[in-house]
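What follows is a set of notes on a single structure, which appears directly below.
Bear in mind the structure is a predicted one, so any value in this text is a computation, not a measurement. So that the names make sense, note that chain A is the first sequence line, chain B the second, and so on, each numbered from 1.
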There are 2 protein chains.
Amino acid sequence: MDRDKAWTVEAVAERLGVTPRTLHYYEEKGLIPEVPRTPGGHRVYDEDTIERIEHILRLKEALGYSLQEIRSILDTEDRLKTYRTRIAEGQEPEHNVEMLADAVRLLENVVRHIDEKMTRLAAMREQYSDRLARIRARLQREEAAHRAVDASNGESE
Amino acid sequence: MDRDKAWTVEAVAERLGVTPRTLHYYEEKGLIPEVPRTPGGHRVYDEDTIERIEHILRLKEALGYSLQEIRSILDTEDRLKTYRTRIAEGQEPEHNVEMLADAVRLLENVVRHIDEKMTRLAAMREQYSDRLARIRARLQREEAAHRAVDASNGESE
DNA sequence: CCATAACCTAACGTTGACGTTAGTTTCCGA
DNA sequence: TCGGAAACTAACGTCAACGTTAGGTTATGG
């Protein structure tokens with residue numbers, strides 16, 4: 001496919017619903033690796049980087065993590081990726097047990113965080129949808145009453 | 001019960017896991033009504049207010065709303081409450097149809113917002129727990145290998 | 001009753017996550 | 001090839017949501 005299509009900042013920004021400044025900022029803060037440049041110095045984004053940014057935005061918007069927290073999550077994920085490629089290359093990386101244990105701890109925290117969030121959301125969703133149902137019913141009745149008044153007004157003219 | 005227990009700022013702050021400054025700030029921004037005072041001017045919180053603040057914190061932390069957005073949600077809920085008490089007092093409030101229609105719209109938005117959030121969270125939860133399971137398995141194997149090395153080292157001594 | 005812990009207001013400070021502007025340089029389609 | 005659109009860097013600005021400090025007042029347990 002066109003996974004190796006070259007994207008400009010503006011194109012990426014529009015696709016992701018952010019501004020170029022945000023993309024620069026994420027690069028500046030090390031959330032994405034330094035983006036390759038044209039000879040003239042313009043950034044050229046590839047699909048992998050864009051998906052990484054989408055991931056960042058999900059962590060931010062859905063989970064409410066700060067960019068710092070996101071960075072440490074991404075760092076862990078990057079370490080796991082390095083580990084996997086080393087394995088795939090037939091190497092036997094060192095410090096793997098500690099590294100994996102760290103990763104497990106962090107991912108457990110993320111999953112727990114998500115679970116807590118979903119639990120709270122479910123409770124609030126129930127509360128609000130119940131309330132909404134009751135108000136809708138109330139509105140139906142009020143509208144009926146309103147129409148009745150209009151009708152009798154119409155008759156009297 | 002002791003629903004009419006009097007709480008000091010610090011007690012409330014500790015119970016809710018925030019600072020006194022936050023409580024003052026919410027009052028200043030009109031998220032909670034002016035808190036009653038002792039003759040000397042110290043704030044005295046009651047259970048209702050504390051629960052309102054808990055509600056605010058949930059809207060903020062779980063749903064990610066800004067304090068401004070929360071304010072408009074609370075305003076709508078307050079209008080509904082006023083409406084209910086008017087009805088309970090046998091009055092027939094005016095502008096009820098528009099008011100209820102507005103409330104329905106706002107609550108629909110809230111519920112939709114929650115649903116979108118839960119959908120995204122569910123997807124991320126699956127992604128992360130799958131990943132976690134794989135890394136746990138990998139860690140098991142690494143630990144086994146590690147123990148095997150230790151054991152043979154022990155033998156050779 | 002008094003020491004000291006807790007509270008008050010007012011005001012300025014901080015931090016994260018970008019927005020904005022300025023001055024310059026590069027890209028690219030007619 | 002060339003002119004306007006788009007990108008670049010650097011730096012300062014902004015805004016929400018509190019944090020912090022100062023200087024003074026009130027509450028309360030021994």
* Any side-chain N or O of B/Thr19 less than 4.0 Å from the OP1 or OP2 oxygen of D/dG19? -> yes
* Taking CD from A/Glu27 and C1' from D/dT9, how many angstroms apart are they, rounded to a whole number? -> 12 Å
* Asked: Is the shortest side-chain N to carboxylate O distance from B/Arg71 to B/Asp75 below 4.0 Å?
  -> yes
* **Distance, rounded to the nearest Å, where A/Glu61 contributes CD and C/dC18 contributes C1'** => 13 Å
* Asked: Nearest of D/dA17, C/dC27, C/dT9 to any side-chain atom of B/Arg43?
  -> C/dT9
* Provide, to the nearest angstrom, the distance between the NE2 atom belonging to B/His42 and the C1' atom belonging to C/dC8. => 6 Å
* What is the minimum heavy-atom distance between B/Leu74 and B/Leu31, and which atoms define it? -> CD1-O, 3.6 Å
* Within a reach of under 6.0 Å around CD of A/Glu108, are more than 12 heavy atoms found that belong to other residues, nucleotides or ligands? -> yes
* Taking atom P of C/dA17 as reference, at what distance in whole Å does atom CD of A/Glu28 sit? -> 12 Å
* Map B/Thr22 and A/His24 onto DNA chain D by nearest heavy atom, then report which one ends up closer to the 5' terminus. => A/His24
* **Atom pair distance, as rounded to whole Å: CD in A/Glu10 and C1' in C/dC28** => 15 Å
* Atom CZ of A/Arg21 to atom C1' of D/dA10: distance rounded to whole Å? -> 10 Å
* Asked: Rounded to whole angstrom units, what separation is found between the CG atom of A/Leu23 and the P atom of D/dC8?
  -> 10 Å
* Establish, with yes or no, whether the OP1 or OP2 oxygen of D/dG19 is under 4.0 angstrom from a side-chain nitrogen or oxygen of B/Tyr25. => no
* Can a side chain N or O of B/Thr8 be found less than 4.0 Å away from OP1 or OP2 on C/dC7? -> yes
* Taking CZ from B/Arg37 and C1' from D/dT25, how many angstroms apart are they, rounded to a whole number? -> 13 Å
* Structure fact -> Rounded to the nearest 0.5 Å, the CZ atom of A/Arg105 sits from the CG atom of A/Leu100 at a distance of 11.0 Å
* To do: Select from B/Lys60 and B/Gly40 the residue whose nearest nucleotide in DNA chain D is closer to the 5' end of that strand.
  => B/Lys60
* Start at the 5' end of DNA chain C and walk down; is the nucleotide closest to A/Gln68 or to A/Pro39 reached first? -> A/Gln68
* Asked: If you measure only the distance, is there a donor-acceptor pair under 3.5 Å linking the side chains of A/Thr49 and A/Asp46?
  -> yes
